[in-house]
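Okay, structure first, notes after.
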Number of protein chains: 2
Amino acid sequence: MSTLFSIGTLSKAAGCKVETIRYYEKIGLMPEPARSEGGQRRYHRKHRERLQFIRHSRELGFTLDDIRELLAMSEQHGHADSIARRHRTAVQNRIRSLTALRDELDRMIEECEQGHTGECRVIEVLSDHQECSGDH
Amino acid sequence: MSTLFSIGTLSKAAGCKVETIRYYEKIGLMPEPARSEGGQRRYHRKHRERLQFIRHSRELGFTLDDIRELLAMSEQHGHADSIARRHRTAVQNRIRSLTALRDELDRMIEECEQGHTGECRVIEVLSDHQECSGDH
DNA sequence: CTTGAACCTGTAGTCACTATAGCTTTTTTA
DNA sequence: TAAAAAAGCTATAGTGACTACAGGTTCAAG
């Protein structure tokens with residue numbers, strides 16, 4: 001009946017540290033949960049969903065402020081799609097620069113593999129590339 | 001003859017803030033440069049090259065510790081490519097996650113466009129994806 | 001030669017956690 | 001059911017990689 005669970009259980013469900021959950025609560029990203037007789041936090045399904053959302057978004061590179069906005073928009077359901085659209089643009093930019101980065105790393109690795117007698121010229125490769133697309 | 005330049009000039013050449021250079025010096029990543037009569041830092045070509053290497057590597061997502069290692073290796077010519085390879089894997093994972101998110105955002109946007117009268121279920125969409133590849 | 005931009009040091013703040021200390025509560029097991 | 005172990009609590013400090021600020025000094029252009 002009581003579908004309540006502890007902070008440890010929640011942390012495992014969301015794949016994050018217990019401390020992180022308490023931190024999210026402190027900064028107001030997670031709501032204050034109920035407490036047991038002895039004062040320990042007791043969570044339920046809604047908390048887990050919210051935390052999983054936060055963690056997933058963090059993994060995808062959104063800042064906590066981005067996430068706050070996303071959460072807000074999900075409650076105010078209105079201009080939701082404009083925010084989604086803006087985020088889509090940000091995500092696309094991120095993909096583009098990461099792809100460029102990956103290609104560059106590939107080039108580096110290949111150069112190393114050609115075994116120029118051990119001489120891995122990482123420094124030269126990495127300091128030379130002015131024309132490399134910057135993001136910020 | 002004197003090819004020396006100031007910290008501001010160096011910062012422009014490397015595309016970073018003056019404070020960042022002083023910070024790198026403080027943590028021992030950049031060597032202490034010469035000083036002018038009045039005590040201002042005076043750099044030369046070698047400094048610029050090193051800083052450009054550091055900045056470029058940072059842009060590619062290497063940590064300062066990685067960079068310390070890379071610099072050390074470049075002096076002892078050992079194997080730098082293992083670090084590059086490790087990093088490449090991380091980058092690829094990130095690209096995969098972001099691509100998934102972008103597609104998801106596209107779906108959301110489209111759903112909104114079909115005028116399902118508001119109700120954009122962002123939380124559900126983003127918290128559901130367990131099977132999404134985790135990186136760390 | 002004056003003015004203002006650039007520089008100096010030192011400290012504190014930021015973000016998103018993570019770790020520690022020193023306790024209390026809850027759960028397990030003998 | 002009692003004792004031991006695990007998990008929880010609060011509060012504070014530390015991390016990485018900067019960034020900002022205060023309050024002063026030096027340098028270069030007009």
Side-chain angles (χ1 to χ4, degrees), chain A residues 2 4-30 32-44 47 50-71 90 94 134-136, chain B residues 2 4-30 32-44 47 50-71 83 87 90 94 134-136:
Chain A
S2 163
L4 295 172
F5 41 88
S6 73
I7 197 168
T9 307
L10 177 59
S11 86
K12 266 156 219 158
C16 73
K17 307 226 157 160
V18 163
E19 289 85 358
T20 307
I21 299 171
R22 288 196 285 249
Y23 167 70
Y24 287 163
E25 183 183 323
K26 196 161 70 182
I27 64 166
L29 203 59
M30 284 294 286
E32 290 185 26
R35 297 282 182 146
S36 70
E37 277 289 284
Q40 300 195 356
R41 289 169 180 81
R42 291 294 171 253
Y43 296 94
H44 51 63
H47 290 104
R50 192 182 176 97
L51 181 57
Q52 281 172 341
F53 167 72
I54 295 168
R55 293 308 304 164
H56 190 74
S57 304
R58 284 291 298 130
E59 270 164 37
L60 295 174
F62 289 97
T63 68
L64 294 185
D65 274 354
D66 285 339
I67 294 168
R68 246 185 258 272
E69 223 182 309
L70 284 166
L71 285 164
R94 233 184 155 74
D135 201 357
H136 339 280
Chain B
S2 164
L4 295 170
F5 42 87
S6 73
I7 197 168
T9 307
L10 177 60
S11 85
K12 266 157 219 158
C16 73
K17 307 226 157 162
V18 163
E19 289 85 357
T20 307
I21 299 171
R22 288 197 284 249
Y23 166 70
Y24 286 163
E25 184 183 323
K26 195 160 71 182
I27 63 167
L29 204 60
M30 285 292 286
E32 291 185 24
R35 298 281 182 146
S36 70
E37 277 289 284
Q40 301 196 353
R41 289 169 180 81
R42 292 292 172 254
Y43 296 93
H44 52 63
H47 290 104
R50 192 184 176 95
L51 182 58
Q52 280 172 342
F53 166 72
I54 295 169
R55 292 310 302 167
H56 192 72
S57 302
R58 286 289 300 129
E59 270 164 37
L60 293 175
F62 291 98
T63 68
L64 294 185
D65 274 355
D66 284 339
I67 294 167
R68 244 186 260 274
E69 226 181 305
L70 284 165
L71 286 164
I83 299 177
H87 194 68
R94 222 173 163 73
D135 202 355
H136 330 278

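A, B, ... follow the sequence lines: proteins, then strands. Residue 1 opens every chain.
- When the nearest nucleotides of DNA chain C are assigned to B:Lys26 and A:Ile54 by heavy-atom distance, the more 5′-ward of the two goes with B:Lys26.
- Proximity of a side-chain donor or acceptor of B:His56 to a complementary backbone N or O of B:Phe53 within less than 3.5 Å is not detected.
- Applying the side-chain hydrogen bond (donor to acceptor under 3.5 Å, both in side chains) test to every pair with at least one member in residues 4-22 of chain B, sequence neighbours left out, gives these pairs: B:Ser6-B:Thr9.
- With rounding to the nearest 0.5 Å, the separation of OH in B:Tyr23 from CE in B:Met30 is 14.0 Å.
- Contact check on A:Glu25 versus A:Arg41 returns a salt bridge, with a Lys/Arg side-chain nitrogen under 4.0 Å from an Asp/Glu carboxylate oxygen.
- Residue contacts for A:Arg22: at a heavy-atom cut-off of 4.0 Å it reaches a base atom on one of the strands shown.
- When all heavy atoms are compared, the tightest approach of B:Thr63 to B:Arg58 is CA-NH1, 3.9 Å.
- Along DNA chain C, the stretch of nucleotides lying under 4.0 Å from any heavy atom of chain A spans, 5' to 3', C:dA16 to C:dT26.
- Using a 4.0 Å heavy-atom cutoff across all strands shown, B:Arg55 reaches sugar-phosphate atoms only and no base atom.
- Residues A:Thr20 and A:Glu37 each lie close to DNA chain C; by heavy-atom proximity, the contact nearer the 5' end of the strand is made by A:Thr20.
- Both B:Ser36 and A:Ile7 lie near DNA chain D, and the one whose nearest nucleotide falls closer to the 5' end is A:Ile7.
- To the nearest 0.5 angstrom, A:Arg55 atom CZ is 9.0 Å from A:Ile21 atom CD1.
- For DNA chain D, the contact window with chain B, defined by any atom under 4.0 Å from a protein heavy atom, covers D:dA17 to D:dC27 in 5' to 3' order.
- Using a 30° and 60° split on the angle between ring planes, A:His44 and A:His47 fall in the tilted class, from 30° to 60°.
- In this structure, the separation between CG on B:Leu51 and CG on B:Leu29 is 9.0 Å, given to the nearest 0.5 Å.
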